[in-house]
Amino acid sequence: MTKKKATEEMFNELHNLVTTEFLQRIKSGEASTQDLKAACDWLAKNDISGVAYDGNPLDKLAAVMPKVDPEMVQRRLYGAKHI
C-alpha cells in the first residue's frame, strides 16, 4: 500500500492550526519561553518579518533592547589585537 501525499489544503490547515495555537498561547499569557522561541522560528521559516515604526510593538521592543557595540564585543571575546 502506498502512502498518499498530503495535499496543499492539508498543509494550509496545519499552518492555520499551528498559527492559531501560537496566538492563543501568547494572547492568554500562558506562552512559555520555548513557545515564544518556537513562534519566532515559525515566523522566520514562513518569511514573516516586521517593521518597527513609531509606537508599534516592535518599536517599543527595540527601544528597551540594550544597544550592542560590535567592536566592544570583539575586544572582550578576542582582545584588542583582533579588531
To the nearest 0.5 Å, how far apart are [atom1] in [X] and [atom2] in [Y]?
{"X": "W42", "Y": "H15", "atom1": "CH2", "atom2": "NE2", "value": "4.5 Å"}
{"X": "T20", "Y": "R25", "atom1": "OG1", "atom2": "CZ", "value": "12.0 Å"}
{"X": "T19", "Y": "L43", "atom1": "OG1", "atom2": "CG", "value": "8.0 Å"}

Before giving the answer on side chain to side chain contact (heavy atoms under 4.5 Å, CB included), spell out for V51 and L58 the whole-Å C-alpha distance, their side-chain angles and the decisive distance to 0.1 Å.
-> CA-CA 7 Å; V51 176; L58 190 55; 5.7 Å; no
Do K37 and D41 pass the side chain to side chain contact (heavy atoms under 4.5 Å, CB included) test, and can you show the C-alpha distance, the side-chain angles, and the key distance before you say yes or no?
-> CA-CA 6 Å; K37 170 75 170 98; D41 290 345; 2.8 Å; yes
Hey, is the main chain of S32 close enough, under 3.5 Å, to the side chain of D35 for a donor-acceptor pair?
->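 Indeed, once roles are kept as given, a pair shorter than 3.5 Å links the two residues.
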Using modelled atom types only, decide if a donor and an acceptor are shared between the side chain of D59 and the backbone of G55 within a distance under 3.5 Å.
->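 Yes: the side chain of D59 pairs with the backbone of G55.
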In this structure, are over 12 heavy atoms from other groups packed under 6.0 Å from K67 atom NZ?
->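 Buried by this count: over 12 neighbours within 6.0 Å.
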Decide yes or no for R76 and M72: does some side-chain heavy atom of the first lie under 4.5 Å from some side-chain heavy atom of the second?
->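 Yes, side chains in contact.
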In this structure, which one of N12, V18, N16 forms a side chain to side chain contact (heavy atoms under 4.5 Å, CB included) with L14?
->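 Answer after filtering N12, V18, N16: V18.
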Cluster question for you: counting only ILVMFWY and a side-chain heavy-atom cut-off of under 4.5 Å, with indirect links fine, are I48 and I26 together?
->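 I48 does not cluster with I26.
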